[in-house]
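Have a look at the structure below, then the notes.
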4 protein chains.
Amino acid sequence: MGESVSEGLIQPDKDKVKERILNAAMLIFAKNGYHRATTIKIAKKAGVNEVTIFRKFKTKENLLNAVIRKNLNETLNTLDLILCKEKNADIEICIKTLGINLKQFFDDRMEFILFMITEGRKTPETRILFTQFQFKMLEHLKDYFQEQINLGKIRRINPDLLAFTLFSFIFNKSISEEVFEHKFLPDDLNSFEEYTNIFMNGILP
Amino acid sequence: MGESVSEGLIQPDKDKVKERILNAAMLIFAKNGYHRATTIKIAKKAGVNEVTIFRKFKTKENLLNAVIRKNLNETLNTLDLILCKEKNADIEICIKTLGINLKQFFDDRMEFILFMITEGRKTPETRILFTQFQFKMLEHLKDYFQEQINLGKIRRINPDLLAFTLFSFIFNKSISEEVFEHKFLPDDLNSFEEYTNIFMNGILP
Amino acid sequence: MGESVSEGLIQPDKDKVKERILNAAMLIFAKNGYHRATTIKIAKKAGVNEVTIFRKFKTKENLLNAVIRKNLNETLNTLDLILCKEKNADIEICIKTLGINLKQFFDDRMEFILFMITEGRKTPETRILFTQFQFKMLEHLKDYFQEQINLGKIRRINPDLLAFTLFSFIFNKSISEEVFEHKFLPDDLNSFEEYTNIFMNGILP
Amino acid sequence: MGESVSEGLIQPDKDKVKERILNAAMLIFAKNGYHRATTIKIAKKAGVNEVTIFRKFKTKENLLNAVIRKNLNETLNTLDLILCKEKNADIEICIKTLGINLKQFFDDRMEFILFMITEGRKTPETRILFTQFQFKMLEHLKDYFQEQINLGKIRRINPDLLAFTLFSFIFNKSISEEVFEHKFLPDDLNSFEEYTNIFMNGILP
DNA sequence: TATGAATGAGAATTCATTCAT
DNA sequence: AATGAATGAATTCTCATTCAT
């Protein structure tokens, strides 16, 4: 129905097609990996003719890059939202909330992230792009910790290391749950509670 | 016929061939991913005829499973060595040494681990196998921490969580360095020193 | 709607479009051969939309024929000019000048002529067309020689043969220079001078 | 030895396959041109599976080059035979015989030569190869004329030019008959007779 | 009339796998 | 037991051509 004949609606079909292909490709790529993701599967999923893909993206490799770029950008934007929100709350609460949100964020995208880790590594262009993704995330966290150090709320520790430590725990929890059959730490909420405790107080008695 | 100098001898080369194929396959798989790793490339690397692979392993999928099983076993054995060594030392020293060793261990195998993460996930059999890998590692660490808790050397915290926290940091450092262009934390030794400090004392002033 | 400033005007551009397509097609065909010459390349060169080609010419094969017909006609007209000019001059001068002009004429069109030789041969219609091209040229030359024979300026020799002999030399010089890396006879002017000498006096001492 | 059961026949099938493919390719290429000559057509003609072509020659382009190289070599060898034969006979007879032989030689290969002219021109390697072909032929002729000049049997004229002139007539006759519908000079024997007359005595009365 | 979007029919090429020796 | 030769099934990609506006 929607957008047609006249109706006067705003959004024309214009690049809906390109968009549809990108979305389909993203799903198929993430689920199957680059090679098992055939252009015909993608075309079917997108509801277009296979050739249309080549008209729009020239080569499969190109399509891959377009998919990565698009999703990375969207992902970075979402990330900004998450990271900016909690800055002024109490530090313990902040870390917990941020953890929960970030975990959800990774969980939602883990298939794509794993895809990036393996396929993205091969072309230098996407490798750089993907590096930015991690870098940006870590920089955000680092800034937050730096600020807290300046405010005297935490000890003077290398804020890069703090950022990396926190990131590792959350990212790894997400990746483990996606990759392995077995959940070593079953419950997110409790885990974060406990983790924050360790992170803040250390393990010594 | 050809190469059999004399018929009746013990033929120690017997399954050197199978071994050679498995080693070659492991390298080619890890470097290229399952699909880019063609049987002909593997055959060339192994110095055997392509068909020999099919004689020995029937299908490429089979070869993949054999490779994974073999490498996972070897890997688990190596892991045992690392994890058992340091148990009785001072806790801080122990964690640091273990970190260094584990990091080296991951670095050496990261290509294969990444390969497992992506390709292993697809066949249930290897997925289970791979799960054991993580499980075993975490169990070892957990046991260590449980012991330390019992000895009163660290507070009563969920030892699973402790294991997972430590593992995350090390594993993530290794994976980051393999996947991303940019090293966020440049130096292993210093990083571990600092990390151990946080891990043990927390971040609060 | 777009570009039609006002509806009712005479549109002199009318079949400028067809013309533009034909010119573009001629260049692309000659440079690439029929198959490498894609309709999209032609469209781009002509500055029109690909579909316009099909509006105007129905099929690519049709376009080919139109191109050939057009260029052959233009070519034949140009040829007429060259061949008619020199008829009354001294015979040696005439042959030399004609040689130079004809050579230039071939050089300018050799890509197209080579294209005709290979692609034109395949469709009977264009084959006939192209045959006329050679025929007309040879007839012109023949008439000239017949006339000279009648005037007693040259011996009674088969004028067809004379025409063909002269034509061969010039045509072959042009084709050789286009096709081969190496110029066997470097300089046109000298070569024609010498050639005319042989042609007129033979090789015997 | 070797290959087989019994039969004891000399010629093993060894590279008959490669040979068969080359021969089939040569025919299909010459008849259809590079693009119309599909690998499947070639495979069918050669009586092998399409893939075998790629096993043996990697790419279609490669096959093209192999075909050209092979045929050019065979052609150059045949040429040697023709050009060497008649050196000591009477000059007029020699030229006539050589003409007849050369004409036959071209007629037999004209499809391939035309194919070379158009497709060979595109890749530099084959272009050079093909240049040699013409060069060799002209050098042979030139040497012959030089000798005759030294013996005082013909006037002191640029022997390169003599070679080129003779070659042009013969080559052009062959090419014309292949390309055009219409034979301008119908009969080879008579034509050569007459041509030799002109070539030796010139056209003046 | 002109065109942006879409497509069906092949094309080359790759690859795991089987056959015959 | 091992291998060189051969192949069927897929896959990416190209191209002329049609559709809908």
Side-chain angles (χ1 to χ4, degrees), chain A residues 4-6 12-18 35-43 47-63, chain B residues 1-4 7 11 13-14 17 35-43 48-63, chain C residues 1-4 7 11 13-14 17 35-43 48-63, chain D residues 2-5 13-18 35-43 47-63:
Chain A
S4 66
V5 189
S6 46
D13 233 7
K14 209 58 205 178
D15 265 359
K16 277 290 165 59
V17 173
K18 220 168 172 177
H35 274 87
R36 266 178 280 254
T38 67
T39 49
I40 209 164
K41 274 188 208 156
I42 295 169
V48 302
N49 182 284
E50 196 188 359
V51 187
T52 305
I53 293 177
F54 290 93
R55 270 270 154 150
K56 302 276 183 199
F57 298 94
K58 216 75 182 159
T59 67
K60 191 186 171 189
E61 194 87 352
N62 252 249
L63 175 59
Chain B
M1 10 84 189
E3 89 298 38
S4 70
E7 304 289 311
Q11 275 200 283
D13 268 352
K14 197 66 198 192
V17 173
H35 272 87
R36 268 179 279 254
T38 66
T39 48
I40 208 165
K41 276 189 206 155
I42 295 170
V48 302
N49 183 284
E50 199 184 357
V51 187
T52 308
I53 293 176
F54 290 91
R55 269 263 157 178
K56 301 277 185 196
F57 298 94
K58 212 73 185 159
T59 69
K60 191 187 173 189
E61 196 79 37
N62 258 241
L63 174 60
Chain C
M1 8 76 189
E3 87 299 40
S4 69
E7 306 287 312
Q11 277 201 280
D13 268 351
K14 198 66 199 193
V17 172
H35 273 87
R36 269 177 279 253
T38 66
T39 49
I40 208 166
K41 275 187 206 157
I42 295 169
V48 301
N49 183 285
E50 200 184 356
V51 188
T52 308
I53 292 176
F54 290 91
R55 270 262 158 181
K56 301 277 185 195
F57 298 94
K58 213 71 184 163
T59 68
K60 189 186 174 189
E61 196 80 34
N62 258 240
L63 174 60
Chain D
E3 77 313 35
S4 69
V5 195
D13 237 6
K14 209 57 206 184
D15 264 1
K16 275 292 165 59
V17 173
K18 218 166 173 178
H35 274 87
R36 264 178 281 253
T38 68
T39 48
I40 210 165
K41 273 188 208 157
I42 295 169
V48 301
N49 182 286
E50 196 187 359
V51 186
T52 304
I53 293 177
F54 290 92
R55 271 268 153 152
K56 303 273 183 199
F57 298 94
K58 217 75 183 160
T59 67
K60 191 186 173 190
E61 194 86 353
N62 251 249
L63 175 60

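Every chain is numbered from 1, with letters handed out A, B, ... down the list of sequences.
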Measure the distance from CD1 on A:I53 to P on F:dT14 and round it to the nearest whole Å.
13 Å
Looking only at side-chain N and O atoms, does D:T52 come under 4.0 Å of OP1 or OP2 in F:dA5?
no
Taking N or O atoms only and anything under 3.5 Å, show me the protein contacts with nucleotides 8-12 of chain E, one pair per line.
unit_1	atom_1	unit_2	atom_2	d
E:dG8	OP2	A:N49	ND2	2.9
E:dA12	OP1	D:T39	N	3.3
E:dA12	OP1	D:K60	NZ	3.2
E:dA12	OP2	D:T39	N	3.1
E:dA12	OP2	D:T39	OG1	2.8

Using every non-hydrogen atom in the two residues, find where B:T39 and B:I53 come nearest and quote the distance to one decimal.
O-CD1, 3.5 Å
Calculate the interatomic distance between B:K58 atom NZ and E:dT18 atom P; express it in whole Å.
7 Å
With C:T59, which residues qualify under side-chain hydrogen bond (donor to acceptor under 3.5 Å, both in side chains), at least two apart?
C:N62
Looking only at non-hydrogen atoms, find the nearest pair between D:K56 and D:V17 and report the distance.
CE-CG1, 3.9 Å
Please figure out whether A:V48 or B:E61 has its closest DNA chain E nucleotide nearer the 5' end.
A:V48
Return the 5'-most residue of the pair B:R36, A:G47 with respect to DNA chain E, ranking by each residue's nearest nucleotide.
A:G47
For the residue pair A:A43 and A:N49, what are the closest heavy atoms and their distance?
CB-C, 4.0 Å
Looking at residues at least two apart in the chain, or sitting in another chain, which of them share a side-chain hydrogen bond (donor to acceptor under 3.5 Å, both in side chains) with D:T52?
none
Write down the distance between NZ (A:K18) and C1' (E:dG4), rounded to a whole number of angstrom.
13 Å
Counterpart residues, side-chain hydrogen bond (donor to acceptor under 3.5 Å, both in side chains), relative to B:R55 (two or more places apart)
none
Starting from P on F:dT3, measure out to CZ on D:R55 and report it in whole angstrom.
15 Å
Measure CD1/A:I42 against C1'/F:dT11 and give the value in whole Å, please.
12 Å
Starting at CZ of B:F57 and ending at C1' of F:dA2, how long is that distance when rounded to a whole Å?
15 Å
Supply the atom-to-atom distance B:K58 NZ to B:F54 CZ, rounded to the nearest 0.5 angstrom.
11.0 Å
For residues D:I42 and D:L63, determine if any side-chain heavy atom of one lies less than 4.5 Å from a side-chain heavy atom of the other.
yes
When pairs are called at under 3.5 Å and a stem needs at least three consecutive Watson-Crick or G-U pairs, the stems of DNA chain E are E:2-21 with F:2-21
In whole angstrom, what separates D:K56's NZ from E:dT13's P?
17 Å
Output for pair (D:T38 OG1, D:K60 NZ), nearest 0.5 Å, gives 7.0 Å
